[in-house]
Number of protein chains: 2
Amino acid sequence: MTTMTAAERRQEAKAAFDSYMDACPTHDVLGVIGNKWTSVVLFQLTQGPRRYADLARALPGVSAKMLTQTLRSLERDGFVARSVTPSVPVQVEYALTLLGERLVPLLASVRHFAEHNIAEIRASREHYDAAAD
Amino acid sequence: MTTMTAAERRQEAKAAFDSYMDACPTHDVLGVIGNKWTSVVLFQLTQGPRRYADLARALPGVSAKMLTQTLRSLERDGFVARSVTPSVPVQVEYALTLLGERLVPLLASVRHFAEHNIAEIRASREHYDAAAD
DNA sequence: CTGTATCCTAGGGGATACTG
DNA sequence: CAGTATCCCCTAGGATACAG
């Protein structure tokens, strides 16, 4: 512990930085909304509560597995509430929580930026790809 | 083509939805900022232009491969400009473009939301996990 | 200093079939 | 209706070594 090799110092810095990343709220939230289906599911729920099959119908691209997984994750994070009506057959309804509602304006910001800048971004990509000979 | 099975109809809806998703600007942008290192690299660059080694030092968690890949991707999308000074050894500097600067407030929004709501999110997770017996 | 090249693994995500 | 359970693939990302 008196002296340390450069490799050891790098290792330590990496470990410290990794735990910093894990604790970073921004990174955490980005990890949530960065998932493939969260934004679209959330968008559906801004239109009002929806049942499982409603979502599956509105989002034909999602597999049953991913729909369930996305919903569970959103529920775990407190963005969505799941309520079961014990009829036959059972009815399950998903709705935004207050926390979920607070996420909506953020998604709107992303959307606003995206719609105003996507043309420039895509133009840049084309230019970049064209330059690659 | 006169009649269609339910499976065929589902297939068609899925294909249509998939291409819609591909074209969706919001989803596109989310895909960019959702990558593990984009937000932190971008944050470094908001502090001013940085060289490759500066970034590597500031971000001990990134591998050389991912740093390069992240930078290339950001350059391709037009968020970052790469300029090479042909000295010996060469100097390469990365800086935000105007488009990149426009992305900064959005990241700030994410950060703002994250910092104000992360406690509630994490509390929800703990509660959810505790309920799972 | 600024990267490439290679190899490898974990897990996100899809397809299909089955259940209370 | 509202999911599970399986199997499988593919890519994001890490480690290590090498190169201009």
Side-chain angles (χ1 to χ4, degrees), chain A residues 6-8 10-11 13-15 17-18 21-22 27 30-41 44 49-75 80-95 132, chain B residues 6-8 10-11 13-15 17-18 21-22 27 30-41 49-76 80-95 132:
Chain A
E8 281 167 343
R10 250 180 288 117
Q11 271 295 107
K14 180 168 160 35
F17 190 82
D18 282 352
M21 282 276 282
D22 284 353
H27 197 256
L30 245 16
V32 172
I33 65 179
N35 290 327
K36 184 165 184 182
W37 297 106
T38 42
S39 57
V40 280
V41 167
Q44 287 295 317
R50 291 281 184 277
R51 295 181 38 196
Y52 186 92
D54 295 333
L55 293 169
R57 219 170 307 112
L59 277 13
V62 70
S63 62
K65 174 185 165 184
M66 286 318 295
L67 183 51
T68 303
Q69 190 170 303
T70 302
L71 255 6
R72 286 289 178 287
S73 167
L74 253 15
E75 188 194 358
V80 162
R82 175 176 185 271
S83 48
V84 181
T85 307
S87 51
V88 179
V90 296
Q91 284 202 342
V92 181
E93 195 175 78
Y94 294 92
Chain B
E8 282 168 341
R10 249 180 289 118
Q11 271 293 107
K14 179 167 160 35
F17 189 83
D18 281 352
M21 282 276 281
D22 284 352
H27 196 257
L30 245 15
V32 172
I33 64 179
N35 290 326
K36 184 165 182 183
W37 297 104
T38 41
S39 57
V40 279
V41 167
R50 290 284 185 275
R51 294 182 39 195
Y52 185 92
D54 294 334
L55 293 169
R57 219 169 308 112
L59 277 15
V62 230
S63 62
K65 175 186 166 186
M66 287 317 296
L67 183 52
T68 302
Q69 190 171 305
T70 303
L71 255 6
R72 286 290 178 286
S73 168
L74 289 172
E75 189 194 357
R76 186 174 106 101
V80 162
R82 175 176 184 271
S83 47
V84 181
T85 305
S87 51
V88 180
V90 298
Q91 283 202 341
V92 182
E93 195 176 77
Y94 295 91

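Residue numbers begin at 1 in each chain, while the letters A, B, ... track the order of the sequences.
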If you pin Leu71(A) and Lys14(A) to their nearest nucleotides in DNA chain D, which one's is more 5'?
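It is Leu71(A), whose closest nucleotide lies nearer the 5' terminus.
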
Choose from [options] the nucleotide whose nearest atom is closest to any side-chain atom of [X].
| X | options | result |
| --- | --- | --- |
| Met66(A) | dC1(D), dG13(D), dG14(C) | dG14(C) |
| Thr68(B) | dT4(C), dG14(D), dG13(C) | dT4(C) |
| Lys65(A) | dG13(C), dG13(D), dT2(C) | dG13(C) |
| Arg82(B) | dG3(C), dG14(C), dC1(D) | dG3(C) |

Rounded off to whole Å, could you give me the [atom1]-to-[atom2] distance for the [X] and [N] pair?
| X | N | atom1 | atom2 | result |
| --- | --- | --- | --- | --- |
| Leu67(A) | dG13(C) | CG | C1' | 13 Å |
| Asn35(B) | dG13(D) | CG | C1' | 10 Å |
| Trp37(A) | dG12(C) | CH2 | C1' | 13 Å |
| Gln69(A) | dT6(D) | CD | P | 16 Å |

Relative to the 5' end of DNA chain C, which residue comes earlier, Tyr52(B) or Val90(A), by the nucleotide with the nearest heavy atom?
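Closest to the 5' end, via its nearest nucleotide, is Tyr52(B).
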
Check each of Arg51(B), Arg82(B), Arg50(B) against Tyr94(B) using the side chain to side chain donor-acceptor pair (under 3.5 Å) test, and report the only one that passes.
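Considering Arg51(B), Arg82(B), Arg50(B), a side chain to side chain donor-acceptor pair (under 3.5 Å) with Tyr94(B) is found only for Arg82(B).
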
Please check: side-chain N/O of Thr38(B) versus main-chain N/O of Val32(B), any donor-acceptor pairing under 3.5 Å?
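Yes: the side chain of Thr38(B) pairs with the backbone of Val32(B).
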
Side-chain donor or acceptor of Ser87(A) paired with backbone N/O of Pro89(A) under 3.5 Å
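Yes; judged by distance alone, with no hydrogens or angles, the pair exists.
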
With side chain to side chain contact (heavy atoms under 4.5 Å, CB included) as the criterion, how do Val41(B) and Leu67(B) come out once you've worked through the C-alpha distance, each side chain's angles and the decisive distance to 0.1 Å?
CA-CA 8 Å; Val41(B) 167; Leu67(B) 183 52; 4.2 Å; yes

Whether [X] contacts [N] is assessed here as follows: a side-chain N or O lying under 4.0 Å from the phosphate OP1 or OP2. Is that the case?
| X | N | value |
| --- | --- | --- |
| Tyr94(B) | dG3(C) | yes |
| Arg72(A) | dA2(D) | no |
| Arg51(A) | dC1(D) | no |

Closest approach of Gly61(B) and Phe17(A), non-hydrogen atoms and distance?
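In terms of heavy atoms, the two residues are closest at N-CD2, 3.6 Å.
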
Quick one: closest heavy-atom pair of Gln44(A) and Ala58(A), and the distance?
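Result for this residue pair: OE1-CB, 3.4 Å.
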
Test: side-chain hydrogen bond (donor to acceptor under 3.5 Å, both in side chains). Region: residues 52-67 of chain B. Which pairs qualify, not counting sequence neighbours?
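Checked against side-chain hydrogen bond (donor to acceptor under 3.5 Å, both in side chains) - neighbours excluded - the pairs reaching residues 52-67 of chain B are Tyr52(B)-Thr68(B).
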
Counting heavy atoms not belonging to Glu93(A), are there more than 12 under 6.0 Å from its CD?
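Atom CD in Glu93(A) is crowded, with more than 12 foreign heavy atoms closer than 6.0 Å.
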
Show, in sequence, the C-alpha distance, side-chain angles and deciding distance for Met21(B) and Val40(A), and conclude whether the side chain to side chain contact (heavy atoms under 4.5 Å, CB included) test is met.
CA-CA 9 Å; Met21(B) 282 276 281; Val40(A) 280; 3.8 Å; yes

Enumerate the residues from residues 56-64 of chain B whose closest heavy atom to DNA chain D is under 4.0 Å, giving them by residue number; use none for an empty result.
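Residues of residues 56-64 of chain B that come under 4.0 Å of DNA chain D do not exist, since none gets that close.
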
So for the helix from dC1(C)-dG20(D) to dG20(C)-dC1(D), with five pairs setting each end axis, what is the inter-axis angle to 10°?
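Computed angle between terminal axes is 50°.
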
